[in-house]
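Here's the structure, in structure tokens; my notes come after.
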Amino acid sequence: MAKSIDVSGLNIYYGDFLAVQDVNVTIKARAVTALIGPSGCGKSTFLRTLNRMHEVIPGARVEGDVVLGSDAIYGPNVDPVEVRRTVGMVFQRPNPFPTMSIYENVLAGNRLNNRKLKKADADAIVEKALSGANLWSEVKDRLNKPGMGLSGGQQQRLCIARAIAVEPQVLLMDEPCSALDPISTAAVEDLIHELKTDYTIVIVTHNMQQAARVSEYTGFFNLKAAGQPGHLVEFNKTSKMFSTPEQESTEAYISGRFG
Amino acid sequence: MAKSIDVSGLNIYYGDFLAVQDVNVTIKARAVTALIGPSGCGKSTFLRTLNRMHEVIPGARVEGDVVLGSDAIYGPNVDPVEVRRTVGMVFQRPNPFPTMSIYENVLAGNRLNNRKLKKADADAIVEKALSGANLWSEVKDRLNKPGMGLSGGQQQRLCIARAIAVEPQVLLMDEPCSALDPISTAAVEDLIHELKTDYTIVIVTHNMQQAARVSEYTGFFNLKAAGQPGHLVEFNKTSKMFSTPEQESTEAYISGRFG
Amino acid sequence: MTTTDASPRVGRRLGDLLFAGTARAAGITILIALAGVATFLIVEGIPGIVTTQSSAFAGKASFVSYTWPLVFGTVLAAVIALLIATPLAVGAALVIGFYAPRRLATPLGYMIDLLAAVPSVVYGLWGATLLAPKMQPTYAWLADHLSFIPFFAGPASATGRTILTAGVVLAIMVLPIITAICREIFAQTPALHREAALALGATRWEMIKMAVFPYARSGLVSGVMLGLGRALGETMAVAMVLSASSAVTFNLIGSQNPSTIAANIALSFGERTGVERNTLIATGLVLFVITFIVNFLARGIVARGRKGS
Amino acid sequence: DQNGGTSASGLTGTLNGGGSSAQATAQDVWKSGFQTDNSGATINYNSELGSGGGRTGFNDGSLDFAGSDSYIKDDASKGKEGLELTAATARCGGEAPVEVPAYVSPIAVIYNVKGVDNLQLTAGTLAKIFNDKITKWNDAEIVAENPGAKLPDAAISPVHRSDESGTTENFTDYLAQAAGKAWPHAKDKVWPAGLKGESAAKTDGVVGAVTSGENTIGYADHSAIGDLTAASIQVGKAYVAPSAEGAAKTLAVSKPVAGRSDVDMAMDIDRTTTEAGAYPIILASYLIACQHYDDAATADLVKGYLSYAISVDGQNAAADKAAAGSAPLSADLQAKAAAIVAKIAVKK
Amino acid sequence: MSSTFPSSTLPPRSLTANALPRWAPLLVAVVSAGLGVLASVLFSWGVAGLVLVAGSAMLLLLPLWSAVVENGRKAKDRLMTGLVWSTLAVALLPLVSLLWKVISKGAPQINGDFLTYTMRNVILAQQGGIYHALIGTLLVTVMAGIISIPIGIFCAIYLIEYGAGSRLAQAITFLVDVMTGIPSIVAGLFAYALLVALLGPGTQMAFGGAIALSLLMIPVVVRSTEEMLKLVPNDLREAAYALGVPKWRTIAKVVLPTALSGIITGVTLAIARVIGETAPLVIICGMTDGVNTNPFSQAMATLPVFIYSTFQEGTGTSVSAIANADRAWGAALVLIVIVMALNLLARFIGKIFAPKTGR
Ligand SMILES: Nc1ncnc2c1ncn2[C@@H]1O[C@H](COP(=O)(O)OP(=O)(O)OP(=O)(O)O)[C@@H](O)[C@H]1O
Ligand SMILES: Nc1ncnc2c1ncn2[C@@H]1O[C@H](COP(=O)(O)OP(=O)(O)OP(=O)(O)O)[C@@H](O)[C@H]1O
Ligand SMILES: [Mg+2]
Ligand SMILES: [Mg+2]
Ligand SMILES: O=P([O-])([O-])[O-]
């Protein structure tokens with residue numbers, strides 16, 4: 001069910017400010033693609049255009065095409081609500097709904113479409129999603145406790161469970177481990193490894209070692225100069241990117257000369 | 001005029017929360033010492049105890065001794081205001097005073113203390129400090145423009161000029177390049193190289209390559225576990241630290257397995 | 001180190017002491033001012049409560065029987081105002097926070113703020129000369145058709161200057177306050193959770209239900225309470241709009257309407273002298289206590305909300 | 001000195017008075033006339049106080065003179081505060097206060113009923129309307145008194161004063177004296193509690209409410225009713241519309257109150273007169289002052305101002321239809337009042 | 001893990017299915033307007049009927065259509081969107097009506113004489129003016145400002161810079177909040193009670209009015225100054241401390257200048273808030289016809305009280321009542337213009353003089 005994403009000629013604006021310029025890239029299905037680059041170069045911005053979350057920000061808009069499988073997600077008559085159900089997203093800081101239990105958090109997306117979910121179906125979804133997020137065994141005895149009561153790493157996996165419970169085809173992750181300790185980070189990285197058999201995964205990270213560890217493909221974003229828009233400098237197999245990058249600035253970034 | 005700093009048995013608190021525990025270290029005069037470690041381990045907190053900026057935060061306090069040259073800076077009858085004039089500080093984000101021109105920003109340390117300076121003396125101080133911060137040639141034609149009008153890297157060097165205009169003996173820098181682009185970063189790193197002939201410099205950085213490039217000594221801070229206080233894991237010559245660290249967690253950190 | 005140089009330090013300390021002392025004194029002035037308000041109202045109010053001069057209670061037997069209809073009217077008018085204003089304010093804040101495009105949101109917010117900038121005499125003028133006559137036919141219709149509801153028992157006022165009209169004017173006056181607080185609270189709802197809801201495929205309204213209202217609840221309550229505080233104390237608009245008697249009735253559209261404490265003070269202050277004025281001050285004290293409690297509760301809720309989040 | 005003006009001739013200083021709101025327009029006229037002649041003088045007349053407030057203000061010394069719609073008297077039934085005449089005497093250093101009628105005006109019964117422009121009422125009917133006993137305009141009793149009028153089948157909305165008022169006091173006095181059992185309430189400056197009608201603040205409030213409402217009826221000083229029509233009231237066998245002449249006739253047949261000092265012209269109005277052309281619902285409003293003041297400037301100002309108000313000029317200015325529309329004092333009343341006011345002087 | 005979810009739980013998905021066309025809202029708007037016109041013509045319900053019918057048609061038709069073509073969730077979303085926008089429209093209606101009324105009734109009154117004459121010796125419909133009230137309002141407001149602004153600003157400095165976290169500061173913060181809720185009439189009564197206690201009954205003086213207004217103004221100044229001081233980045237304070245600058249100089253020379261434009265904005269808004277206050281001034285300043293420039297004795301006319309008293313004398317149909325009503329509207333327009341101008345000025349100050357902190 002995973003789908004590939006084709007991005008062509010994408011310009012991303014905040015109001016009149018061009019934040020990211022002319023991105024052309026194909027993101028493979030059932031693989032992990034990592035996006036790296038210095039702060040402010042537009043990684044998050046780009047990621048959010050892949051499920052039309054960008055336009056949630058007042059004044060934000062895009063030019064260009066993003067094709068998911070065979071559907072242009074910015075096409076006419078496309079409902080952004082549908083796009084977001086199809087392309088799940090996990091954020092930098094874990095954000096379970098504080099008023100809901102673990103159980104309700106996992107079901108939050110499903111409840112939107114189907115108020116009267118049968119109890120048995122609901123249970124099945126919750127178990128499936130939490131198992132998929134490697135969390136089931138840790139929380140199965142306290143499903144009715146608030147989601148906020150979990151540790152940071154558990155919360156983040158809960159958010160991943162919530163995202164996969166609606167069966168998306170793509171999973172976007174924006175620095176999902178940057179707020180986590182080493183052990184939680186390892187747990188989430190393991191999970192990403194497992195998930196890629198079913199999902200197309202795009203992950204933004206500021207940790208190059210992490211990119212090297214989890215991804216097959218890596219895209220490097222950078223600013224041409226301060227005040228200029230960000231752009232995709234290089235997109236390559238991860239192994240190639242971290243050994244023999246094509247661009248000089250990629251090399252400079254990877255070797256830690258800035259950022 | 002640079003002095004060394006002797007820290008012994010230093011515990012640092014925010015209210016009842018022990019943030020950093022039992023630091024013992026000697027920081028050499030006329031050398032660059034880098035402090036590294038994962039986020040939240042107390043690097044900034046420690047740095048700010050070296051010029052008594054820590055106690056500016058309500059409830060914050062320290063136990064233990066910090067000796068600057070031969071003066072215990074936490075001794076009775078020591079005026080923190082005087083300590084801060086002796087130990088200058090540069091912050092993560094450039095923070096020129098928005099209501100002042102470049103010229104006034106450099107003189108802020110003198111003017112705000114109500115020193116009446118002759119115009120010629122003032123001019124001399126400004127030129128000396130800006131030259132010292134490698135900024136003179138770039139701004140000498142617009143000294144009366146607002147300091148906020150400069151680029152990020154220029155602003156950061158302006159802040160350094162402001163700090164050295166009061167002729168301190170030690171210069172503390174908390175991630176001075178993390179908000180800067182590669183070119184500005186290079187300019188500031190060059191400046192640090194030059195300044196160390198006159199000043200004792202302590203720099204916090206999250207960029208290990210930077211630590212390796214600019215410092216002679218490196219201290220590695222870490223948390224024993226989440227919720228535990230930070231502590232100084234290892235302090236060593238930089239060359240040794242990055243090649244054959246003594247502690248296993250230092251190695252793990254330097255090789256990017258967490259943080 | 002130059003810490004041995006003592007004299008400049010003393011100078012600095014003096015500057016700091018003076019400055020800090022002035023600032024603290026200014027803060028304490030506020031404590032004193034509020035204590036002063038309470039003290040003077042009590043000192044000048046008590047003679048008006050214990051007096052035996054019957055004219056002080058305008059023909060009523062005691063201070064309680066004089067004040068009770070006023071308290072009733074005050075609360076009734078404020079409650080009507082809140083019932084009208086709250087949904088409107090929440091809606092307006094939602095538009096400004098989540099619905100209107102950015103270019104429009106700012107001027108819309110400004111327009112709502114302008115409602116708060118209109119002086120209350122002008123509301124009074126408008127309410128008495130435009131709104132009340134315009135409402136009168138509606139009241140007549142209500143009295144004809146819905147008189148089985150006690151609120152519309154009728155007979156309808158001939159002038160439209162009823163407690164319901166006063167409530168409507170008050171609603172307009174408290175609306176910007178509640179809107180402003182709602183806007184602030186909505187803006188504080190974590191973007192993280194709003195985006196989480198949207199990323200799950202929620203529509204805008206579902207997002208608001210999932211990620212805005214649960215956070216905003218306590219803030220909304222306190223915003224409404226602050227509006228209540230304002231509505232309880234509003235004076236001139238009510239004084240000018242309401243045609244008051246000392247009736248205690250739930251008939252909102254009739255010609256017999258309870259007055260409010262504030263309006264009663266403004267209207268009868270001039271014609272009262274001596275101990276009669278002390279009685280008015282005592283009713284003012286009652287109003288002060290009521291609004292103090294309401295604001296106290298509201299701020300308490302806000303403070304608790306802040307600690308909780 | 002508030003207005004900074006100094007006059008080449010005439011009086012200077014500020015005089016504070018207040019009281020009856022019925023006198024407000026007349027006071028404006030007198031103030032204007034007096035201040036024009038004495039550009040250094042400022043007269044403040046606070047009509048917000050109402051008659052009662054004016055008397056109390058005068059008694060406690062915060063006002064130099066007062067306007068009142070009823071004469072000062074001691075009413076022992078109200079306890080210490082009812083002893084107003086005693087208090088006024090004390091305020092004037094033990095001398096009886098000066099009390100002269102200055103403003104006499106009919107109180108009009110105003111109504112706003114489409115198609116009805118010549119309403120005629122007896123005291124009894126009027127009382128029943130305001131006492132909620134007659135609630136429809138086409139009530140048999142009203143129809144009987146207004147043969148041929150197109151009275152609608154609509155509810156009557158009576159409007160009364162919400163504040164304490166001399167107008168109310170005189171109106172209820174009339175109803176109590178002339179309507180017999182139909183008006184079971186006593187004369188009072190506060191409208192009886194429990195009656196259904198609508199309330200409005202001050203004279204203008206009542207006029208405004210009657211004007212803007214429909215099928216309304218109210219009472220107000222004749223000078224303030226504007227375009228509204230006033231009902232004619234039965235006196236003897238005839239129906240009499242309010243007019244200055246009618247008011248003057250009623251005053252002429254009224255008796256001075258017995259046992260008053262010779263500077264006090266208090267009168268009991270005869271509400272039940274059958275004198276042809278007399279209009280009995282009137283208000284006689286007094287100016288109250290002391291015979292002597294501590295301060296020469298104040299004494300001169302009070303004397304000067306009151307003299308002007310009482311003077312033929314002052315009375316005629318107030319009586320102008322465009323102004324207060326009051327009834328000028330008859331020649332002998334005017335002469336008597338002027339003589340009293342002329343005696344005001346500084347305390348020796 | 002791809003196929004084990006219960007298949008019934010999620011509807012089949014397609015990104016493009018079943019959307020209302022983009023022009024749907026427009027079409028519904030036109031149809032609703034048509035319905036409104038029809039209804040108002042057929043049943044002669046007038047403009048109000050038109051708006052009501054068209055509005056509710058618009059509110060209901062689009063969701064209904066959406067429910068048929070799209071789905072229930074979207075229909076609900078559209079319904080709520082409609083409802084929420086209509087609350088805003090209803091909320092703004094009174095403002096429009098009020099401004100229109102004040103301008104249409106007030107504008108004809110405004111002329112040079114109206115602004116430069118007083119009401120001294122003015123009777124009936126003669127040309128009078130509000131000069132005395134303008135002067136009074138100016139004096140009372142200036143005095144209130146002189147009392148409140150220093151107290152308010154220093155109090156905010158205490159709360160943000162010195163007291164932060166202390167019991168006293170918490171108590172003051174709380175009381176300032178409570179003080180924002182003091183009814184203006186209570187503030188008036190307080191000032192009156194104060195004057196009575198000090199100077200005896202019946203005292204009227206403008207200074208008392210200024211005290212009452214200060215009570216209302218101080219919390220506004222404190223709150224807005226507090227907000228502005230909070231906005232000054234801690235970076236700047238620390239930068240100054242790190243240069244060895246004592247705290248009070250840091251506040252005086254770095255913090256306050258940085259926050260200055262915001263503070264001025266807040267103060268201007270506070271002035272706008274109290275300049276239209278009526279109730280306390282009715283009690284304490286009273287009313288007079290002429291100019292009184294002595295704030296410590298006798299009544300002083302102010303604009304809001306002038307509006308109130310002319311309104312009270314202006315409800316009848318006599319010549320002078322009509323003239324008074326006109327004066328009330330004219331004065332109301334002047335007052336609104338002053339208040340709005342102050343608000344605009346505040347915004348202007350905030351925009352123009354803000355230090356350029358953007359990077
Ligand atoms: N809501 C917004 N409005 C306007 N500009 C924005 C907004 N969010 C981001 N930007 C700008 O867009 C550019 C790209 O920002 P973005 O957050 O995508 O960077 P990033 O690569 O994700 O950085 P980081 O590593 O710090 O998360 C930056 O210049 C930023 O200032
Ligand atoms: N003002 C404060 N009050 C209370 N606790 C604080 C405060 N500032 C920092 N801390 C705590 O002290 C600890 C050390 O923080 P510190 O900022 O020194 O870390 P750091 O190593 O500088 O991290 P980073 O790399 O993110 O800057 C953390 O647990 C932090 O939460
Ligand atoms: Mg980002
Ligand atoms: Mg830090
Ligand atoms: O003149 P009065 O206000 O007392 O009717």
Side-chain angles (χ1 to χ4, degrees), chain A residues 14-16 44 47-48 50-61 79-100 104-113 115 147-148 155 158-159 161-168 170-174 179, chain C residues 92-112 182-222 301-302 304-309:
Chain A
Y14 289 102
D16 294 335
S44 305
L47 193 75
R48 292 162 58 93
L50 301 183
N51 69 341
R52 296 190 64 168
M53 280 296 286
H54 179 62
E55 66 207 59
V56 164
I57 292 159
R61 64 199 168 83
D79 182 0
V81 169
E82 272 313 315
V83 173
R84 290 179 206 137
R85 257 192 57 206
T86 316
V87 183
M89 187 158 198
V90 175
F91 297 81
Q92 181 165 10
R93 286 204 303 149
N95 55 0
F97 295 117
T99 49
M100 298 183 189
E104 288 302 324
N105 256 294
V106 176
L107 286 178
N110 301 65
R111 290 256 192 253
L112 291 176
N113 287 293
R115 274 292 159 67
M148 296 298 281
Q155 286 187 18
L158 176 59
C159 294
R162 184 176 63 187
I164 60 182
V166 291
E167 300 178 58
V170 179
L171 211 50
L172 309 178
M173 302 187 173
D174 192 354
Chain C
L94 283 177
V95 170
I96 294 168
F98 303 118
Y99 284 86
R102 199 172 36 167
R103 267 168 228 270
L104 199 59
T106 319
L108 281 178
Y110 183 44
M111 301 239 301
I112 298 274
C182 287
R183 279 170 64 189
E184 198 181 307
I185 288 163
F186 290 162
Q188 280 169 5
T189 57
L192 218 56
H193 293 108
R194 278 186 264 137
E195 299 204 329
L198 288 175
L200 284 174
T203 61
R204 186 156 44 189
W205 175 242
E206 287 163 347
M207 179 274 283
I208 289 169
K209 273 202 312 189
M210 258 168 115
V212 174
F213 284 159
Y215 286 88
R217 198 164 293 147
S218 78
L220 284 186
V221 172
S222 66
I301 293 172
V302 176
R304 213 166 19 142
R306 256 181 222 142
K307 242 174 254 157
S309 62

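Heavy atoms only: backbone and side chains are in, while hydrogens, waters and symmetry mates are out. Chain letters run A, B, ... following the sequence lines, proteins first and then strands; every chain starts at 1. Model, not experiment: these values are computed from the prediction.
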Q. A:V56 versus chain C, heavy atoms under 4.5 Å apart: side chain, backbone, both or neither?
A.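 It is the side chain, since no backbone atom gets that close.
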Q: Please flag which part of A:V87 lies under 4.5 Å from any non-hydrogen atom of chain C: side chain, backbone, both or neither.
A: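 The backbone, not the side chain.
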Q: Report yes if the side chains of A:M100 and C:M210 come closer than 4.5 Å at any heavy-atom pair, otherwise no.
A: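 Yes, close enough: below the 4.5 Å cut-off.
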Q: Take atom CZ of A:R61 as the centre, draw a 6.0 Å sphere, and report whether it contains more than 12 heavy atoms from other residues, nucleotides or ligands.
A: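 Result for CZ/A:R61: enclosed.
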For [X] and [Y], work out which heavy atoms get closest and say how close.
{"X": "A:R162", "Y": "C:A196", "result": "NH2-CB, 3.5 Å"}
{"X": "A:L112", "Y": "C:L200", "result": "CD1-O, 4.3 Å"}
{"X": "A:R84", "Y": "C:L198", "result": "CD-O, 3.1 Å"}
{"X": "C:A199", "Y": "A:M89", "result": "CB-CB, 3.9 Å"}
{"X": "A:T99", "Y": "C:P214", "result": "CG2-CB, 3.7 Å"}
{"X": "A:P96", "Y": "C:H193", "result": "O-NE2, 3.0 Å"}

Q | Contacting moiety of C:Y215, where chain A heavy atoms sit under 4.5 Å | A |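 C:Y215 touches chain A through side-chain heavy atoms alone.
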Q: Please look at C:A197 and chain A and tell me whether the side chain, the backbone, both or neither of the residue comes under 4.5 angstrom of a heavy atom of that chain.
A: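 Both backbone and side chain of C:A197 come within 4.5 Å of chain A.
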Q) Taking A:G15, A:P58, A:P80 one by one, which has the highest count of heavy-atom pairs under 4.5 Å against chain C? A)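 Highest number of heavy-atom pairs under 4.5 Å: A:P58.
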Q: May I ask you to name which of A:V90, A:N51, A:V81 has the most heavy-atom pairs under 4.5 Å with chain C?
A: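 Most pairs with chain C among the choices: A:V81.
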Q) Excluding sequence neighbours, so at least two apart, what forms ring-ring contact (aromatic ring centres under 6.0 Å, His included) with A:F97? A)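 None.
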Q: Would you please name every residue forming a ring-ring contact (aromatic ring centres under 6.0 Å, His included) with C:Y110, sequence neighbours left out?
A: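 None.
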